[in-house]
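Note: hydrogens, waters and symmetry copies are ignored here, and every other heavy atom, side chains too, is used. Quantities reported herein were computed from a predicted structural model and do not represent experimental measurements. Here is how names work: the chains are called A, B, and so on, in the same order as the sequence lines, proteins then strands, and each is numbered from 1.
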Amino acid sequence: MKSFETLSRSLNPSQREAMETLSGPLLILAGAGSGKTRVLTYRTANLIAQGLANPEEILAVTFTNKAAREMEGRIAALLREIGIPVHGRLWVSTFHSICARILREHIHLLDYQPFFGIYDSSDQLSMIKRVMTALGIDEKTHPAKGFQARINAAKTEALSPDDVKDRRHVMDEVSHKVYSRYEGEMKRANSLDFGDLLLKTYLLFKDYPAVLESYQSKFKFLMVDEYQDTNRIQYLLVQTLAAKHRNLCVVGDEDQSIYSWRGADITNILSFERDFPDAKVVKLEQNYRSTKTIIRAATKVIKNNTQRKDKTLFTENDDGDPIVAREESNEYDEARYVVREIESLMNEGDFDYEDFAVFYRTNAQSRVLEEQFRVRGIPYKIVGGMKFYERMEIKDVIAYMKLVLNPADDVAFKRVINVPTRGIGKATVDRIEEIAAAKGAGMVESAAWAVDHRELNPAATRKTREFLLLLQGLREKARALTLTEFYHAILDDTSYVRRLKDEDNPDADGRIENLEEFDNAIAKFEEERGEEGTLQSFLEEMALVQDADDVEEGQKTVTMMTLHISKGLEYPVVFIVGMEESLFPSGRAADDGDPFAMEEERRLCYVGMTRAEKKLTLTYARARKVWGADQMNPPSRFLKEMPSECVRFETSMSRPRFMRAAYAAGGGKAGYSKSGTSGGDAFGGMPNYEDFGDGPFDDPSDDALSDAFDGAPTGGDFKKGMKVRHPSYGAGTVFQTEGSGPDLKVSIVFGDNTVKKFVAKYARLERIT
DNA sequence: TCACAAATTTTTTTT
DNA sequence: AAATTTGTGA
């Protein structure tokens with residue numbers, strides 16, 4: 001056993017300073033790869049070792065469950081290593097999990113039932129649609145997703161319907177109406193959405209000082225990781241909880257703030273010193289993770305941002321290999337290239353599968369990669385993405401569970417009332433819903449009433465009664481059986497699996513497999529939690545812990561994920577695919593009204609690059625299918641921002657085969673010779689960026705290749721919200737599009753509120769960026 | 001009421 | 001290209 005002293009000697013002076021600053025407010029500005037987790041781990045161990053706190057008096061908040069698990073594991077391991085006996089468990093979790101835990105105990109004070117359900121985004125959307133129907137709002141003119149976004153935004157700002165009422169700039173009248181009604185319906189359904197978990201906890205603290213006080217006293221020490229990505233409500237929660245002891249340690253890096261679209265407010269970290277004038281600030285600037293080359297390139301890229309403190313990351317690591325920027329013809333070749341590279345590095349024997357990671361901007365990009373990994377028999381796992389529990393059959397079963405636990409859950413009720421089909425159609429459901437609305441009651445209750453009062457036709461009455469009896473039976477079983485047994489009861493009583501087998505749907509086998517996998521997951525959960533493994537806690541975990549399926553034990557695999565999920569992780573070899581304008585940076589960042597949207601994309605690039613320890617490869621494709629249509633976009637501007645001495649450009653594109661493709665896509669008049677990459681030598685350096693133009697849409701020159709790329713389908717592509725200029729009407733905004741390709745018609749609202757419809761191909765519309 | 005066909009929309013990013 | 005919503009006829 002080593003002593004804590006010996007171990008902590010390995011920390012550098014700043015790290016040590018952070019570790020030794022235990023009381024009072026502390027801001028740790030931790031650059032990428034600067035050993036942040038290590039510092040937090042040591043600091044926590046130090047708190048316990050010094051006898052300042054018991055584990056259960058420390059609250060550590062992380063951004064993802066993955067990070068929480070990792071940190072908890074590392075702290076436990078360290079404490080074991082230095083031989084500190086630990087009684088009690090640390091509270092290491094996400095804001096949402098902590099809040100769910102707190103609410104489970106106190107939510108009765110807010111007049112909810114303790115068995116409240118949690119609505120994920122799709123449940124939330126169903127509820128919003130339901131509210132819209134009730135209010136007679138047309139989805140065509142008012143997309144439900146818009147209300148969802150506004151409601152969630154209000155909640156992260158801690159604004160109730162009443163609060164937004166007089167703030168028309170925050171929410172228009174219709175949205176306010178929807179929000180109010182939505183809140184009412186959620187309350188009646190005894191359910192909380194993600195935003196509610198935080199907001200209701202905050203309100204609980206506000207309305208019940210005694211409850212707040214108990215938590216303030218309990219948590220003597222607070223740590224918040226990824227502080228740059230906290231939003232308003234999270235900020236308020238932190239301030240509130242820390243108010244008593246003021247032992248608040250926040251850690252973050254403004255260059256890694258990538259969640260502003262979720263309300264993350266970078267000023268929280270930038271103004272920490274204003275909130276706590278006596279705060280100690282420690283900067284961790286030495287990177288231990290990556291090669292000099294990678295650090296140099298990443299630093300150069302991030303320097304293009306204005307929204308940052310000028311901090312300098314440095315490393316004493318080796319120069320390492322150059323970053324490779326690889327051009328391929330399309331996303332399939334791109335995927336094949338990645339797979340080939342992994343195979344060849346594996347053959348050299350320096351790496352193992354688990355050393356590789358592939359990052360992409362959008363989840364949709366994983367499909368092609370996955371295909372190629374399968375073809376070549378390389379083990380892989382995808383983190384995030386289409387989550388297991390989002391699959392139809394899993395959601396169905398979960399809906400049954402939710403409904404059994406919380407009969408007021410109308411979204412769950414509507415989901416399962418005719419699943420598997422039992423002859424209860426839309427008419428019946430609508431009728432029940434009508435009754436429910438009239439009575440201000442839940443649908444289960446209303447359905448029972450309708451059956452008793454013969455409000456439905458005989459056939460519907462009979463079927464509905466049967467369904468209600470089924471639910472009743474399940475409710476009793478839930479009480480008497482274990483979780484696993486209860487799960488089986490659901491499948492049996494609803495004949496779910498049997499019905500799947502009967503219908504000759506080609507997906508049926510996969511679905512049944514998923515249900516079996518779910519069975520295992522439930523069993524495992526039960527085993528792990530023991531007494532605590534209740535139906536409520538299981539559903540809570542299902543809703544909040546989305547990456548539950550990445551625990552493929554022992555298997556060494558390549559990991560794939562979005563750039564967002566990659567934050568906080570590190571891998572010896574990293575590939576970032578799809579380095580193209582419109583994809584990464586996202587097309588929305590370029591023409592969004594927010595001038596800082598591009599900076600956030602750049603931070604995302606910075607995050608991705610700094611995950612790599614030894615080797616970093618960036619790939620881009622000349623053409624890529626987007627929504628089933630070919631799109632050609634120039635290489636990402638971020639590639640251009642990297643110092644050329646750090647990057648080696650490679651291409652597979654000097655063959656004539658592609659020239660013809662580019663030629664064809666360009667509409668027949670362009671040639672490819674201009675870029676002059678004939679022959680196989682050195683690829684003519686990298687493809688000349690000038691040939692692509694600076695961005696996807698700017699300044700279409702006469703350049704032949706530029707035409708070939710910029711004039712492709714992308715050029716005539718107008719989307720909702722886009723700002724455009726018409727030669728005679730002036731500037732306006734696209735608010736509707738119909739048709740596609742040459743038939744695309746766009747409706748545009750001009751400054752004076754007039755609306756004109758154009759055939760995009762003929763109208764001389766110009767995009768304004 | 002339901003199965004199937006047709007039309008329409010979807011892609012940022014996550015708790 | 002895939003998923004979801006809407007329409008249609010039995």
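- Residue contacts shown for D229(A) are absent, as no nucleic acid heavy atom lies under 4.0 Å away.
- Comparing V429(A) and E600(A) by the nucleotide of DNA chain B that holds the closest heavy atom to each, the one mapping nearer the 5' end is V429(A).
- Within the nucleic acid shown, F95(A) has no heavy atom closer than 4.0 Å to any nucleic acid atom.
- Considering only side-chain atoms of T362(A), the nucleotide from dT13(B), dT15(B), dC2(B) that sits closest is dT13(B).
- Within 6.0 Å of atom CD in E513(A), 12 or fewer heavy atoms from other residues, nucleotides or ligands are found, so the atom counts as exposed in its surroundings.
- Between F413(A) and F467(A), the distance from one ring center to the other falls under 6.0 angstrom.
- The side chain of I565(A) lies closest to dT14(B) when the candidates are dT1(B), dA1(C), dT14(B).
- A close approach under 4.0 Å does not occur between any side-chain nitrogen or oxygen of N152(A) and OP1 or OP2 of dT14(B).
- The nucleotide whose nearest atom lies closest to any side-chain atom of T562(A) is, among dT13(B), dT11(B), dA1(C), dT13(B).
- Nucleic acid contact class of F584(A) (heavy atoms, under 4.0 Å, all strands): none.
- With Y112(A) as the aromatic partner, K200(A) does not meet the cation-pi criteria of under 6.0 angstrom to the ring centre and within 45 degrees of the ring axis.
- Residue K145(A) is in sugar-phosphate contact alone, with no base atom involved, counting any heavy-atom pair closer than 4.0 Å across all strands shown.
- For R367(A), the listed nucleotide lying nearest its side chain is dA2(C); candidates were dT15(B), dC2(B), dA2(C).
- For the pair N363(A) and dT14(B), the criterion of a side-chain N or O lying under 4.0 Å from OP1 or OP2 is met.
- Contacts of T428(A) with the nucleic acid, taken as non-hydrogen atoms under 4.0 Å apart, involve only primed sugar atoms and P, OP1 or OP2.
- Under the 4.0 Å criterion applied to side-chain N and carboxylate O atoms, K625(A) and E331(A) are not assigned as salt-bridge partners.
- Checking dT1(B), dA1(C), dT14(B) against every side-chain atom of R262(A), the shortest atom distance belongs to dT14(B).
- The phosphate of dT5(C) (OP1 or OP2) has a side-chain N or O of K129(A) nearer than 4.0 angstrom.
- Nearest to the side-chain atoms of W627(A) among the listed nucleotides dT10(B), dT15(B), dC2(B) stands dT10(B).
- Mapping G423(A) and A364(A) onto DNA chain B via the closest heavy atom, the residue that lands nearer the 5' end is G423(A).
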